[in-house]
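Written out below as structure tokens is the structure these notes cover.
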Amino acid sequence: MIEISDLHKSYHMGSNSLHVLKGIDFSVKEGEMVSIMGSSGSGKSTLLNILGMLDEADLGSYTLDGKLIKNLNEKVAAKYRNQFLGFIFQSFNLINYKTALDNVAMPLYYQGVKRAERMEKAYHYLEKVGLANWASHLPSELSGGQKQRVAIARALASDPKVLLADEPTGALDTKTSCEVMELIQQINDEGKTILLVTHEDDIAHMTKRIVRLKDGLIIDDTIVTQVRADEARRNAEAHV
Ligand code: ADP
Ligand code: MG
């Protein structure tokens with residue numbers, strides 16, 4: 001599904017440059033659930049943004065679903081992004097003046113889906129994340145966990161091949177993090193390929209494979225036994 005090889009990325013600020021990714025190789029197969037781990041500043045978001053076609057590497061190759069992602073014009077890039085990728089961010093990135101339902105329907109609007117079908121699909125995904133009763137509410141009326149559920153529904157609405165999540169539980173408390181991870185695990189159980197960035201060990205162990213980044217390189221890439229988020233939540237509750 002995803003193949004990258006010898007990926008490099010530097011940032012340049014005046015006469016200074018920072019070599020963030022120094023030759024990254026890895027691949028993700030359809031149906032996998034992978035976490036990218038590393039301390040703050042290790043380049044996790046940089047890597048995810050390149051995979052999400054929000055940024056471009058300086059060197060190396062990136063193939064997504066058999067298509068070489070290179071020198072695409074913005075229109076083609078936007079089309080691929082819309083068709084292949086769903087994004088989930090730490091800060092939810094919902095549109096504040098739009099209802100939960102309208103937020104979820106947004107990517108469908110950009111795909112040219114007609115209004116009635118858009119609303120029907122958006123409602124379906126809100127139901128899927130357990131928020132059908134909150135369809136007409138604004139983000140400001142929702143809790144953090146509910147906002148992230150709306151963002152997950154939005155990411156799913158265009159039925160992307162891959163979900164990319166950058167610290168999806170970074171702004172949530174432990175219990176809510178487990179609930180959100182429970183939903184993300186369920187989406188992976190149904191077959192969706194998921195790539196998730198985190199700096200928390202607990203969250204990484206809720207995926208099926210952990211890739212560790214350090215000083216611009218992958219230092220470890222291991223299949224792990226997946227901790228189920230509902231169990232983790234019950235354990236946390238039993239220990240308070
Ligand atoms: P992480 O997500 O692992 O915390 P990032 O990928 O955000 O790390 O950042 C890696 C390094 O690159 C950090 O030192 C950060 O300050 C730097 N960096 C990130 N984005 C930019 C940018 N747009 N311009 C300059 N430096 C950047
Ligand atoms: Mg980051």
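Counting starts at 1 for both ligands and their atoms, following the listed order.
Only one option out of Asp55, Asn49, Thr46 pairs with Lys9 in a side chain to side chain donor-acceptor pair (under 3.5 Å); it is Asp55. The one candidate from Leu195, Thr63, Thr193, Ile69 that meets the side-chain contact (heavy atoms from CB on, under 4.5 Å) condition with Ile2 is Leu195.
Within ligand 1, the atoms closer than 4.0 Å to a non-hydrogen atom of Thr46 are 5 (P), 6 (O), 9 (O), numbered from 1 in the order shown. Taking every non-hydrogen atom of Ser39 and a distance limit under 4.0 Å, the qualifying atoms of ligand 1 come out as 3 (O). Near Val20, meaning under 4.0 Å from one of its heavy atoms, ligand 1 places the atoms 10 (C), 11 (C), 12 (O).
In this structure, Glu120 does not pair ionically with Lys114, as no charged nitrogen and carboxylate oxygen lie closer than 4.0 Å. Salt bridge absent: Lys22 and Asp6 never bring a charged side-chain N and a carboxylate O closer than 4.0 Å. A salt bridge between Arg212 and Asp201 is present, with a side-chain N of the basic residue lying under 4.0 Å from a carboxylate O of the acidic one.
Given atom 7 (O) of ligand 1, the protein heavy atom at minimum distance is Ser45 CB, 3.7 Å. Of the protein's non-hydrogen atoms, the one nearest atom 24 (N) of ligand 1 is Tyr11 CD2, 3.6 Å. Residue, atom and distance of the protein heavy atom nearest to atom 11 (C) of ligand 1 are Gly41 O, 3.7 Å.
Ligand 1 has no nitrogen or oxygen under 3.5 angstrom from a nitrogen or oxygen of Leu18. Here's the thing with Gly43: one of its N/O atoms is less than 3.5 angstrom from an N/O atom of ligand 1.
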(message) Set out, in order, the CA-CA distance, both residues' side-chain angles and the distance that settles salt bridge (Lys or Arg N to Asp or Glu O under 4.0 Å) for Asp102 and Arg118, then state yes or no.
(response) CA-CA 9 Å; Asp102 285 336; Arg118 243 170 27 226; over 6 Å; no
(request) I would like to know whether Phe87 and Arg81 meet side chain to side chain contact (heavy atoms under 4.5 Å, CB included); could you show each step before the answer? (result) CA-CA 9 Å; Phe87 293 91; Arg81 225 181 277 129; 3.9 Å; yes
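By the definition of a contact as any protein heavy atom under 4.0 Å away, atom 16 (O) of ligand 1 is not in contact.
Under 2.8 Å from the Mg ion (ligand 2) lies no N/O/S atom of Ser40, from backbone or side chain alike.
The two atoms that bring Pro139 and Ile95 nearest to each other are CG-O, 3.5 Å, heavy atoms only.
At least one heavy atom of Ser40 sits closer than 4.0 Å to an atom of ligand 1.
When non-hydrogen atoms are compared, ligand 1 lies under 4.0 Å from the side chain of Met13 (C-beta onward) but not from its backbone.
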